[in-house]
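Below is one structure; the comments refer to it alone.
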Amino acid sequence: MPASSLCDAHNTSAEINYINQDDWVTSGKIGSRDAVLVFRTNILNPKTRKTLKEAKSIQMDLQDQEIKSTSSNMILKQTLSPTVSKSPLSNAALGKTYVSVEKLPICGDQQNQHKKTRNLFSSCDTSVLSDANEKTQYNEKKPKTKQKENDSVVESESDLNKESGYDSVTTSQSNTDSNTSEEDQEVSSEEDNDCGVNMPAHHLQITYKFIQTETKLLRKIFNVHGLTEVQSETDFNLLWTGVHMKLDTLRNLALYQRVNHFPRSYELTRKDRLYKNIERMQHLRGMKHFDIVPQSFILPLESKDLLFAHNKQRGPWIVKPAASSRGRGIFIVNSPDQIPQDEQVLVSKYIVDPLCIDGHKCDLRVYVLVTSFDPLIIYLYEEGIVRLATVRYDRNTDNLWNPCMHLCNYSINKYHSDYIRSSDAQEEDVGHKWTLSALLRHLKLQGCDTHLLMLNIEDLIIKAVLACAQTIISACRMFVPNANNCFELYGFDILIDNTLKPWLLEVNLSPSMGVDSPLDTKVKACLVTDLLTCVGIPAFSPEMRSLYTNKSARRRSSSCQRQVDATETSTTLRSTKSKKKPFGLINLTQEEQRILRSARLQYTRRGGFVRIFPTDDTMQRYGHFLDSANGIPLSTPNVQGQTFQALVTQHNYNQMLYSNLFCQGSRYIQDDNSQENRIKQYERALETDSEIPFLKKQTVEKCEEEGRRLRKQLLKKIGSGSTLTHFQARQTFSLYLESVLRRLTQDPKDSHEKIILKFLNKYGGGVKPPVLFRNTQNISKARSAMVAKLLGDFLENYKRDTEAYVDSFDHFGMIPTSAYSLFLVHAQESDLEAVLTHHTNITGIMPFLYNRCGLSVPSTPPIPSGLYGFLRALPAMVSNSGVSRDVSKYDGYFKSYDKNCENVRDISLRSRSTKDIK
Ligand code: ADP
């Protein structure tokens with residue numbers, strides 16, 4: 001039996017050795033070219049923090065006694081973790097134990113579940129590792145062959161200005177579901193930093209930077225691992241952004257830097273682009289290969305085609321804004337004439353027979369990691385999330401209005417009073433959020449072919465990536481200076497129909513890392529830590545960094561084209577010719593050796609990621625979608641021998657990698673990645689022996705008294721002539737609407753639903769993008785959810801618009817920014833209401849309702865005082881605003897609402913019904 005499994009990234013034990021840096025660095029010793037940091041979930045657990053503190057104090061004692069640090073580490077190891085003394089690399093040889101799927105428990109039998117064995121350093125040939133490791137000890141041993149500095153792939157700088165700038169321009173439109181998270185941002189706690197100071201990342205001064213992303217879980221993970229947050233535009237090791245990358249940032253990345261996006265990822269993540277790319281493949285390669293998305297049309301351009309399709313086969317159709325996420329702006333119609341013609345939308349055939357669990361429609365969120373587009377390396381995370389609609393599914397088209405029956409988004413369903421959250425991380429099939437593995441076990445029990453389902457899901461993912469890869473590869477060649485700079489985690493949303501065929505709905509650019517339950521926390525914490533280890537954050541100190549940066553700069557200046565030298569090209573051509581034959585390292589160019597080494601090392605660090613491309617049968621299945629000469633996935637007919645080849649040298653990295661990893665006679669056959677093993681891994685429950693604490697939403701402790709005191713002062717100031725700036729007024733109104741929204745979800749009876757609907761009807765069109773008003777007449781459980789969804793959508797857009805009004809300096813007559821911010825921190829709903837009322841009644845205007853300033857804002861009658869009156873119905877909705885927008889005539893929900901007779905039923909936690917699936 002192997003000793004304790006340090007190799008298990010999420011394994012328990014407070015017996016983690018924080019002092020030994022070997023436990024936190026892998027793929028080589030610190031400073032060697034391939035050395036990267038290790039990330040684990042177990043140090044999120046406070047118990048292990050305790051161990052850290054003990055370890056620290058023992059270490060200090062030892063240092064006091066002037067014992068050399070090396071021996072102190074040895075003693076500490078023995079003191080703290082006698083069983084955990086193996087380095088990750090030696091653990092790598094331990095291999096992976098698989099649990100027989102046949103023995104898997106029935107769904108719901110949580111007690112006896114076999115868990116996924118989640119070794120960080122999964123099974124691999126020991127000789128591969130030691131070989132790779134030996135070759136990569138940059139500082140310790142000189143490389144035997146000429147593979148010295150070949151990590152840096154030099155890009156053509158002359159091509160740089162060809163980019164249209166779309167990446168940076170489209171930031172606000174990208175299909176991201178994370179940068180608008182509901183989770184509060186959290187500053188790093190002292191405890192996290194305490195934990196981090198002993199980690200190698202801290203000593204190596206490894207830094208991270210966030211741009212427009214939710215940060216709570218990520219920040220926690222970075223901080224406990226010793227990474228430090230920085231604001232610098234350029235000086236970071238890891239950049240994590242919720243939006244597309246600026247091209248300038250990309251161009252200037254150093255060898256050791258990592259960013260979480262590829263350029264032009266929007267080809268995959270914008271709904272309209274994704275659909276067009278796949279449609280092109282349908283024409284080029286045949287519908288039978290790319291029948292993976294519901295038939296769709298982009299309006300208004302393709303209105304006629306839509307009508308034609310509708311006449312051939314009637315709706316319903318689902319209408320989605322081209323660049324949105326989280327269910328925003330989505331509605332379902334029976335006929336195309338109910339769709340507004342003035343906005344760009346994607347209209348898709350509505351899948352009327354979805355897979356249901358206990359009668360509830362569900363869809364999947366799976367996590368796909370691409371670490372390279374050329375060669376193509378795709379991983380699928382072993383665990384995903386299944387989202388259930390709150391209201392029982394009914395095919396009757398009279399119910400199309402009900403988002404809580406037809407849309408599975410958490411952001412919509414959470415407002416329904418019947419929404420159930422699982423409160424225990426071990427309960428994976430409870431309530432309206434399940435795990436993928438729980439769903440698979442559930443389906444298996446019903447007699448479904450889950451093996452085929454997962455293979456079809458893998459196939460769908462690979463085909464979607466192939467359809468978009470060509471453009472991304474050409475962008476990488478133009479803008480990304482080093483081969484490993486970029487990685488990307490995509491959130492694939494997949495709907496399964498009742499024949500178990502998966503349909504791709506969309507791909508999210510920045511899948512949400514927000515956590516709303518212990519189960520969510522577990523899945524996402526494992527996902528993020530595995531992702532970071534797999535991708536590999538180089539374990540370089542600033543001195544080592546400058547060494548590598550200088551080298552790569554030298555190389556870049558000596559070559560303005562991203563071309564390999566003559567000898568490399570000729571070797572490559574030789575390699576390409578002998579395609580099917582097994583390769584020996586000797587036949588490979590430096591760049592090919594680097595790619596191979598990097599792919600192998602990455603595979604050993606993959607944790608819970610399952611590599612789905614390449615696998616042993618990818619060339620057989622997908623080889624004909626790749627260019628025979630350079631291995632690039634082709635998605636335009638004219639490309640062969642024309643445009644694209646002009647940019648590309650005759651490498652065939654896909655073929656090279658495949659031959660070296662899988663061909664008979666290769667030293668490194670990776671048969672543990674077989675179909676059987678992959679499917680088993682998807683079906684096993686996610687194991688984290690040590691509990692991962694649920695990061696609850698942290699709300700600022702408001703001090704009622706302080707709020708009242710500040711309010712008094714403010715009212716006095718306003719009374720004596722000071723005014724709120726447009727920004728301050730909008731900030732106050734945002735916070736006020738947040739309180740209204742909170743009350744709506746907590747206590748629907750006291751919620752002013754009608755007033756909110758009236759308000760949205762009047763002002764919903766005044767934000768960008770507009771929030772369409774859904775006219776809801778009857779009282780029902782789903783109505784609160786609908787109203788809350790609309791108000792939530794409005795609030796989000798309103799806050800984004802508000803950023804345009806920010807006060808850059810304090811001017812005469814305004815309430816100082818600092819004083820006002822303090823008030824907003826402590827203000828309760830009544831304080832906000834009092835200030836808005838007083839200000840409105842004195843100035844005679846409500847500037848916060850308009851996207852304009854000063855005199856052009858129409859005057860308003862006074863607001864009658866009184867608590868919780870949604871500002872006393874905004875003085876009869878200020879009559880002459882001009883932003884009103886009657887969309888009810890287009891509204892699919894409008895017509896059928898009266899007929900609503902929803903049948904809401906709690907999901908029974910364990911009962912299973914076959915009829916839903918058959
Ligand atoms: P968003 O990015 O706004 O979440 P999605 O495309 O993921 O948009 O769709 C939101 C929800 O709508 C999904 O959860 C799914 O349940 C439902 N949905 C989307 N497209 C279809 C379709 N073609 N047929 C049936 N349901 C769909």
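Read the numbers this way: they start at 1 and go in the same order the structure lists the ligands and their atoms.
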Working to the nearest 0.5 angstrom, can you tell me the gap between His244 NE2 and Leu509 CG?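 It comes to 4.5 Å.
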
Heavy-atom closest pair, residues Asn334 and His310: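 Minimum heavy-atom separation between Asn334 and His310: O-CE1, 3.2 Å.
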
Lys414/Asp516 ion pair, N-O < 4.0 Å: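 Looking at Lys414 and Asp516, the cut-off is not met.
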
At under 4.0 Å between heavy atoms, which part of [X] makes contact with ligand 1: side chain, backbone, both or neither?
X: Lys349; answer: backbone
X: His406; answer: backbone
X: Ile351; answer: both

Closest candidate by heavy atom, reference atom 10 (C) of ligand 1, pool Ile332, Val293, Leu407, Asn409: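 Looking at heavy atoms only, the winner is Asn409.
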
Heavy atoms only: which of Leu388, Ile330, Ile318 lies closest to atom 9 (O) of ligand 1?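 Closest candidate by heavy-atom distance is Ile330.
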
Taking the side chain from Asp459 and the backbone from Leu455, do they hold a donor-acceptor pair closer than 3.5 Å?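 Pair absent, no side-chain N/O of Asp459 close to backbone of Leu455.
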
Step by step, work out the side chain to side chain contact (heavy atoms under 4.5 Å, CB included) result for Cys408 and His432. CA-CA 9 Å; Cys408 305; His432 295 95; over 6 Å; no

State which residues pass side chain to side chain contact (heavy atoms under 4.5 Å, CB included) with Thr450; sequence neighbours excluded, sorted by chain then number.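 By the side chain to side chain contact (heavy atoms under 4.5 Å, CB included) rule, Thr450 matches Leu440, Leu443, Lys444, Glu683.
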
Which atoms of ligand 1 are found less than 4.0 Å from any heavy atom of [X]?
X: Lys361; value: 16 (O), 17 (C), 25 (C), 26 (N), 27 (C)
X: Cys408; value: 14 (O), 16 (O)
X: Lys271; value: 1 (P), 2 (O), 3 (O), 6 (O), 8 (O)
X: Asp493; value: 7 (O)
X: Asp363; value: 13 (C), 14 (O), 15 (C), 16 (O)

Decide whether an N or O pair under 3.5 Å exists between Glu506 and ligand 1.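 N/O-N/O distance under 3.5 Å: yes.
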
If we ignore angles and hydrogens, is there a donor and acceptor under 3.5 Å between the side chains of Asp418 and Thr390?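 The criterion, which ignores hydrogens and geometry beyond distance, is not satisfied for Thr390 and Asp418.
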
Indicate every side-chain donor-acceptor pair of residues 290-300 with a distance under 3.5 Å to a residue at least two apart or in another chain.
| residue | atom | partner | partner atom | Å |
| --- | --- | --- | --- | --- |
| Ser296 | OG | Pro294 | O | 2.8 |
| Ser296 | OG | Ser348 | OG | 2.8 |

